[in-house]
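Following: one structure in structure tokens, then a few remarks.
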2 protein chains.
Amino acid sequence: MAAGARRGSPLTPEEIYATALRLVNEGGVEALSMRKLAAALDVNPMSLYHHVESKTALIDQICLTMAERLEIPVMDGAPWQERLRALGHAYRRLATTYPALWSYVHTHPELVAAREGGLWDVFLPILRAAGVPEDELLRTADVLHAFVTGLLINQQNGHIGSDRSPEAMDRMFETAIDLILDGLTARHSPAGRAGGGAADEARPAAPR
Amino acid sequence: MAAGARRGSPLTPEEIYATALRLVNEGGVEALSMRKLAAALDVNPMSLYHHVESKTALIDQICLTMAERLEIPVMDGAPWQERLRALGHAYRRLATTYPALWSYVHTHPELVAAREGGLWDVFLPILRAAGVPEDELLRTADVLHAFVTGLLINQQNGHIGSDRSPEAMDRMFETAIDLILDGLTARHSPAGRAGGGAADEARPAAPR
DNA sequence: AGCCGTAGCCATACACCGTATGGCTACCGT
DNA sequence: ACGGTAGCCATACGGTGTATGGCTACGGCT
């Protein structure tokens, strides 16, 4: 285990992942090249291959580390509407923290093959609490997850509205959550919606 | 205007676009290279640049031609629920016809800057008919469009359900449309939903 | 008829990419 | 003392997009 030649310390996988993630966040996935990454680490390009199998394996890895940083809120006592909204916001926070990589993940089939980490352990119980019957549960979860995914992708890519102010984005996200809550309520517990309800709190005038 | 050297006829932009679109459809956007395209056209790579400004301009162009092939249904008399469902299916048909390019478009900000073609001319009136107030119209349209976009992206990438049979996809898409219809109805014309309504037609048992 | 502008095509070259191959150095355990 | 090996690196190969400049053959002009 020789000490690093030109650097003080030997290369570590964590260092590689962190730097790669930084490069991706700064210039998108297409701005990540093994040569640039090596330059950023002050190392010969081929040295990377002693710690990483290939570029795609590297990208897989940094996608995983990103996924692990999803901070799932724990709100055990709260009604399902609030829990679902909080989960949506947590998901959105992850997406806006790593925009480029996030879009990348969700357009590459080979990644995220299994349902991502603890997300689904929280998501499904919420839907159960919303009254979604068991035989529609997974399908509904997939649909809602895809909805939010699509909204976030579109927001990041500016495929949306001429007004792209952060406030407009916030409003749009709330509108989306409201639509989902109303849809779930109407479908699975129509009685529960007493004129307004959790979906209608704090929604501004929205001139747009 | 000399006749083509090795080919009978000179190269035409339409020929280039069509072949490029074919290559993309067969192997994804990353399988499109100017050299391969030239080979498929039996031409020197540099000849392409007499008809196309750059590779990105070429991709822009084939994205546009794809967008033009969206077949928007005209159903003037029908209720808004049916029109919205038909529009969703038309959109889905486009996505499944050009899966690779379609995902590409929706993850690249620079494309589709303006709202795509006649889609919005049909979409917005439907939402008006659904009772969406004018000051929420564009935002709601953006959200719903993003929802469907996300669902289609996820379906194509198999980020969804362990069962990926076409039937499961169909059911999931119907579930999504139902959710949207219920959400819109609950939000904007709650009286209109008389126990079931348009959203509940022909939805199978769905064991999943 | 003579000529030239130019449309279309092509050969070459450059910088960049991912990575296979093999050699160097400096430490470790024995 | 010495072999094994972990870490690093130089070189090379085949791929990419495209800048540059030269070739051919036609249309329109004088």
Side-chain angles (χ1 to χ4, degrees), chain A residues 1-63 100-101 104 108 110-111, chain B residues 1-63 100-101 104-105 107-108 110-111:
Chain A
M1 196 186 298
R6 80 168 54 180
R7 296 154 32 93
S9 57
L11 225 41
T12 68
E14 289 69 28
E15 204 183 352
I16 295 179
Y17 301 151
T19 308
L21 194 48
R22 184 170 57 81
L23 289 184
V24 168
N25 248 27
E26 287 169 2
V29 179
E30 74 280 2
L32 174 67
S33 86
M34 298 305 270
R35 289 170 151 92
K36 285 182 196 161
L37 176 58
L41 288 165
D42 192 24
V43 141
N44 183 285
M46 291 312 292
S47 302
L48 298 172
Y49 286 87
H50 281 264
H51 308 270
V52 155
E53 194 182 355
S54 67
K55 187 186 179 182
T56 62
L58 171 66
I59 293 181
D60 287 8
Q61 194 53 241
I62 65 178
C63 286
L101 191 57
Y104 184 85
H108 282 73
E110 63 278 12
L111 308 170
Chain B
M1 199 185 297
R6 79 168 54 179
R7 296 154 33 94
S9 56
L11 227 40
T12 68
E14 288 70 26
E15 204 182 353
I16 295 178
Y17 300 152
T19 308
L21 194 49
R22 183 170 57 81
L23 289 184
V24 168
N25 248 27
E26 286 169 2
V29 180
E30 74 281 0
L32 174 67
S33 87
M34 299 304 269
R35 289 171 153 92
K36 286 181 196 161
L37 177 57
L41 288 165
D42 192 21
V43 142
N44 184 284
M46 292 312 292
S47 302
L48 298 172
Y49 286 87
H50 282 264
H51 308 271
V52 155
E53 193 181 355
S54 67
K55 187 187 179 182
T56 63
L58 170 66
I59 293 181
D60 287 8
Q61 194 53 243
I62 65 178
C63 286
L101 191 58
Y104 184 86
V105 169
T107 49
H108 282 72
E110 63 278 12
L111 309 170

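The analysis underlying the following values was restricted to heavy atoms, covering all of them including side chains, and did not include hydrogens, waters or symmetry mates.
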If we check side-chain contact (heavy atoms from CB on, under 4.5 Å) with Leu32(A), which of these qualifies: Leu21(A), Ile59(A), Thr19(A)?
Ile59(A)
May I ask you to say what Leu48(A) touches in the nucleic acid, namely base, sugar-phosphate or nothing, with a heavy-atom cut-off under 4.0 Å?
nothing
His50(A) or Pro45(A), whichever maps to the more 5' nucleotide of DNA chain C
Pro45(A)
Kindly point out which of dA10(D), dC8(D), dT19(C) is positioned nearest to the side chain of Met34(A)?
dT19(C)
Could you check Ile62(B), Val24(B), Leu23(B) and say which one makes a side-chain contact (heavy atoms from CB on, under 4.5 Å) with Val29(B)?
Val24(B)
Expressed in angstrom and rounded to an integer, what is the separation of Lys36(B) atom NZ from dG15(D) atom C1'?
9 Å
Given atom CD of Glu30(B) and atom P of dG17(D), what is their separation to the nearest angstrom?
12 Å
Here the distance between atom P of dG18(C) and atom CG of Leu23(A), to the nearest Å, is 11 Å
Whole Å only: how far is the NZ atom of Lys55(B) from the P atom of dA19(D)?
14 Å
Taking the side chain of Arg35(A) as heavy atoms from C-beta outward, which of dC9(C), dC8(D), dG18(C) is closest to it?
dG18(C)
What's the CG-P distance between Asn44(A) and dG18(C), to the nearest Å?
13 Å
Determine the minimum heavy-atom distance between Gly28(B) and Ala100(B), stating which atoms define it.
CA-CB, 3.7 Å
If you take all heavy atoms of Asn44(A) and Ala38(A), which pair is closest and at what distance?
C-CB, 3.8 Å
Starting from P on dG17(D), measure out to CD on Glu53(B) and report it in whole angstrom.
16 Å
Closest approach of Ser47(A) and Val43(A), non-hydrogen atoms and distance?
CB-CG1, 3.4 Å
Taking dA11(C), dC9(D), dC17(C) as options, the one with an atom nearest any side-chain atom of Met46(B) is dA11(C)
When the distance from OH of Tyr49(B) to P of dA11(C) is rounded to whole Å, what number comes out?
16 Å
Counting only side-chain N and O atoms of Ser33(A), is one of them less than 4.0 Å from OP1 or OP2 of dC17(C)?
yes
Under 4.0 Å between any heavy atoms, over every strand shown, what does Leu58(A) touch: base, sugar-phosphate, or nothing? Just pick one.
nothing
Which one, dC8(D), dA11(C), dC17(C), comes nearest to the side chain of His51(A)?
dC8(D)
